[in-house]
Asks: 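Have a look at this one.
Chain letters run A, B, ... following the sequence lines, proteins first, then strands; residues in each count from 1. Treat the numbers as computed from the prediction; the structure is a model and nothing was measured.
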Amino acid sequence: MNKSDGCRCIATELYGAKPSSVVVTTPIYYINGAPHIGHAYASIAADVIARFHRLDGSKVHLSTGTDEHGIKVARSAETIPMDVQKFADQMSDKFREMNRAINLSEDDFIRTTENRHRESAQALWKLLEKDIYKDTYSGWYSARDEEYVAAEDVVDGNAPSGAPVEWMEEESYFFRLSAYQDRLLDYYDKHPDFIAPPSRRNEVINFVKNGLRDFSISRNKFDWGVPVPDSNDHVMYVWIDALANYITSLGFPHNREYVSEMMANCIHVVGKEILRFHAVYWPAFLMSAGISVPKRVFAHGWWVSEGQKMSKSIGNVVDPFEIIEKCGIDSLRYFLLREIRFGEDGDFSNDAFQRRISYDLANDLGNLVQRVLVFIQKLDGRLSVNYDFSSEEQILFVHARGLWDSLRQLMEKQDLHGALCCIWDLVSESNKFINDMRPWELARTDVRRLNAVLTTLCESIRAIAFGLAPFMPGTARKIFDFMNVEGKSFRELSINFSDVRFDPPAPLFPRER
RNA sequence: CGCGGGGUAGAGCAGUUUGGUAGCUCGCCAGGCUCAUAACCUGAAGGUCGGAGGUUCAAAUCCUCCUCCCGCAACCA
């Protein structure tokens, strides 16, 4: 199903297969709103991580999906009015559309309204029962908004929305999170890479150190949710329901050993706003249920637009579909992951976007590929065998061959930004190599050497395309197609390109006229 | 005194752990090349490293105080 799969044999042969399993997840997105750039960003990042590991020889399971329960969804459907399940179907489809648009290589799309998930969430609940008890949940409730309001947010007896609040009490099930404080701190201590980036890790540890309170995990004021097992009037309130998606996707409650094993290799990509639930609640649930805690929770940052928070009234909302339509998905994928370090917040400005597309993609990468391949066309699209590599060529050769190992180290830390920088170092070096080698002169003076130079460049471009494949699958594919290297093994290619028929290239990132 | 991160060239950042000529990208200026999507390559200019004090032969880097900005501070799907 993956376009990259064709490259996999090359990777395996090239760098040695790493026969391991990796689970990568995006958050499941709440369907109360349409997909926006934040959703696209999280999913693209997870996709790159998943594609990288696939190419690196691992067995990968990438899951994504939609979170469809809760009062807000029920209310949105009512106001249309529309059957709530139909509403959920419709909204969920929009996220599937997004996945197609961003070229997501998901292995599973999970919906919390599916039977398999209901079964999974309820089974998880049952496993947690020793830590669940019934009590009274109380707080300031806004009847108009139909939701509880945090005490700090209540001003003069009103919710932030302006609606009046009243003190409300209701029966609720609670999870004994307080019992997990020490175990969690111990886990963070023994697994320093569990939470990334490190600044976020400190936040979480500090939060836990300040003391954990049990929290409410059910509601009986609405029924659009997974019913609590053995209860007539309670549905699960968000977290057990939502977080359980990750194990649902792995087949829970069946094959629990397998699920647990896979969770230990799991990388959760989440937004910083839901880090706590993934780094505190979720491991506590899993510990209670006797399932392995995930390997890593990576919290990404938020994008603003032109230096300001995106808002419809300012009119600076970045629409991923619009950008993809106009500039192509690979440009968007590149920008989002190259512009800022993964984990930081970013500013999506039109100028910055255009600059990246124009300079990095068209000028550096696109032009490199173009100038080399066009040159080869002048040799009738063929390179002759030539083993006579000078030291300059050998240096570039070594760097090209070392790229994947460098990327592997960076990707181990989910340093997507660093990985792209690393690839572009090779792009720059290759461009410089052309300037230094002056192939246009060699064409007149030393055709033998010219072949060596171009062969070296092809080797570098091949490595670049390969490194690029997880980030910009379409672009990598185009490069491979120009070089007709489909089905070729690395060893054949790296010795010479003599049996490769090069097609006439077309600019990878054409300039707008 | 809640906890934490940060203030380095016009912009965005690295360097601070293990003190020793201040670095990267973009922008700006000049030059080179001409194979290529007028792309590419090289060089120069530009910073008293938030402020004050201290330790030291030597501090962006260590210590103290001050100041400004930003995260986190639980029921947020």
Asks: Report yes or no: is the ring centroid of A:W440 under 5.5 Å from the six-membered base ring centroid of B:rC35, with the two planes under 30 degrees?
Replies: yes
Asks: Take atom P in B:rC3 and the same atom in B:rU25, then report the distance between them in whole Å.
Replies: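 Here B:rC3 and B:rU25 have their P atoms 40 Å from each other.
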Asks: Which whole number of Å gives the distance between the P atom of B:rG20 and that of B:rA39?
Replies: 41 Å
Asks: I want to check one thing: is the phosphate of B:rA77, taken as OP1 and OP2, less than 4.0 Å away from some side-chain N or O of A:K72?
Replies: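 Checking B:rA77 against A:K72, a side-chain N or O does come within under 4.0 Å of OP1 or OP2.
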Asks: Can you tell me how far C1' in B:rC76 sits from the matching atom in B:rU18, rounded to whole Å?
Replies: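 Those two atoms are separated by 43 Å.
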Asks: When the P atoms of B:rA45 and B:rC24 are compared, how many Å lie between them, rounded to an integer?
Replies: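 About 12 Å, rounded to a whole number of Å.
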Asks: For A:V372 and A:V204, take the nucleotide of RNA chain B holding the closest heavy atom to each; which residue's nucleotide lies nearer the 5' end?
Replies: A:V372
Asks: Please tabulate, for the side chains in residues 281-288 of chain A, all donor-acceptor contacts under 3.5 angstrom to protein atoms that are two or more places apart in sequence or on a different chain.
Replies:
unit_1: A:W282; atom_1: NE1; unit_2: A:H268; atom_2: NE2; d: 3.0
unit_1: A:S288; atom_1: OG; unit_2: A:K130; atom_2: NZ; d: 3.4
unit_1: A:S288; atom_1: OG; unit_2: A:D131; atom_2: OD2; d: 2.6
unit_1: A:S288; atom_1: OG; unit_2: A:Y180; atom_2: OH; d: 3.3

Asks: List in chain and number order the residues that pass side-chain contact (heavy atoms from CB on, under 4.5 Å) with A:F433, two or more places apart in sequence or in another chain; answer none if no residue qualifies.
Replies: A:E392, A:E393, A:L396, A:M437, A:V453, A:T456, A:L457
Asks: Residues two or more places apart in sequence or in another chain: which of them pass side-chain contact (heavy atoms from CB on, under 4.5 Å) with A:I395?
Replies: A:H399, A:E429
Asks: Using a cut-off of under 3.5 Å, enumerate the N/O to N/O pairs linking the protein to nucleotides 7-10 of chain B.
Replies:
none

Asks: Is any side-chain N or O of A:N363 under 3.5 Å from a base N or O of B:rA39, one able to act as donor and the other as acceptor?
Replies: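 No such pair is found, so the answer is no.
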Asks: Using the P atom as the point on both nucleotides, what is the distance between B:rC41 and B:rC28, in whole Å?
Replies: 16 Å
Asks: Pairs of donor and acceptor atoms involving the side chains of residues 420-428 of chain A, under 3.5 Å and at least two apart or interchain, shall be tabulated with distances.
Replies:
unit_1: A:W424; atom_1: NE1; unit_2: A:D360; atom_2: O; d: 3.2
unit_1: A:S428; atom_1: OG; unit_2: A:W424; atom_2: O; d: 3.2

Asks: Once ring pair (Phe, Tyr, Trp, His ring centres under 6.0 Å) is applied, do any residues pair with A:F375, and if so which ones, sequence neighbours excluded?
Replies: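 Ring pair (Phe, Tyr, Trp, His ring centres under 6.0 Å) list for A:F375, sorted by chain: empty.
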Asks: Dot-bracket, 5' to 3', for RNA chain B please: Watson-Crick or G-U pairs under 3.5 Å, [ ] where pairs cross earlier ones, | where the partner sits on another strand, dots elsewhere.
Replies: .(((((((.[[[[.)....(..]]]]..((((.......))))......[[[[[..)....]]]]])))))).....
Asks: Quick one: salt bridge (charged side-chain N to carboxylate O under 4.0 Å, His left out) partners of A:R438, sequence neighbours excluded?
Replies: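 Counting only residues at least two positions away or on another chain, A:R438 forms a salt bridge (charged side-chain N to carboxylate O under 4.0 Å, His left out) with A:E441.
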Asks: Would you please name every residue forming a side-chain contact (heavy atoms from CB on, under 4.5 Å) with A:R213, sequence neighbours left out?
Replies: none
Asks: Answer yes or no: does atom CD of A:Q409 have more than 12 heavy-atom neighbours from other residues, nucleotides or ligands under 6.0 Å?
Replies: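 No - once you tally the heavy atoms of other residues, nucleotides and ligands closer than 6.0 Å, there are 12 at most.
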Asks: Is a salt bridge present between A:K478 and A:D330, judged by a nitrogen-to-oxygen distance below 4.0 Å?
Replies: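 A salt bridge is absent here (no side-chain N lies under 4.0 Å from a carboxylate O).
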Asks: How would you list, by chain and number, every residue that makes a salt bridge (charged side-chain N to carboxylate O under 4.0 Å, His left out) with A:D436, sequence neighbours excluded?
Replies: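 A:D436: salt bridge (charged side-chain N to carboxylate O under 4.0 Å, His left out) contacts with A:K432.
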Asks: What integer number of Å spans the C1' atoms of B:rU8 and B:rA60?
Replies: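 One C1' to the other, the span is 7 Å.
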Asks: Say you pick atom C1' in B:rG46 and the same atom in B:rG51; how far apart are they, in whole Å?
Replies: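 Going atom to atom, C1' in each nucleotide, I get 23 Å.
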Asks: Report all interatomic pairs (protein N or O, nucleotide N or O of nucleotides 26-32 of chain B) with separations under 3.5 Å.
Replies:
unit_1: B:rG27; atom_1: OP1; unit_2: A:Y359; atom_2: OH; d: 3.4
unit_1: B:rG32; atom_1: N2; unit_2: A:N435; atom_2: ND2; d: 3.2

Asks: For the C1' atoms, the ones on B:rG47 and on B:rG10, what distance do you get once it is rounded to whole angstrom?
Replies: 11 Å
Asks: Excluding sequence neighbours, so at least two apart, what forms side-chain contact (heavy atoms from CB on, under 4.5 Å) with A:I329?
Replies: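 In terms of side-chain contact (heavy atoms from CB on, under 4.5 Å), with neighbours along the sequence ignored, A:I329 is linked to A:I44, A:I102, A:I324, A:L332, A:R333.
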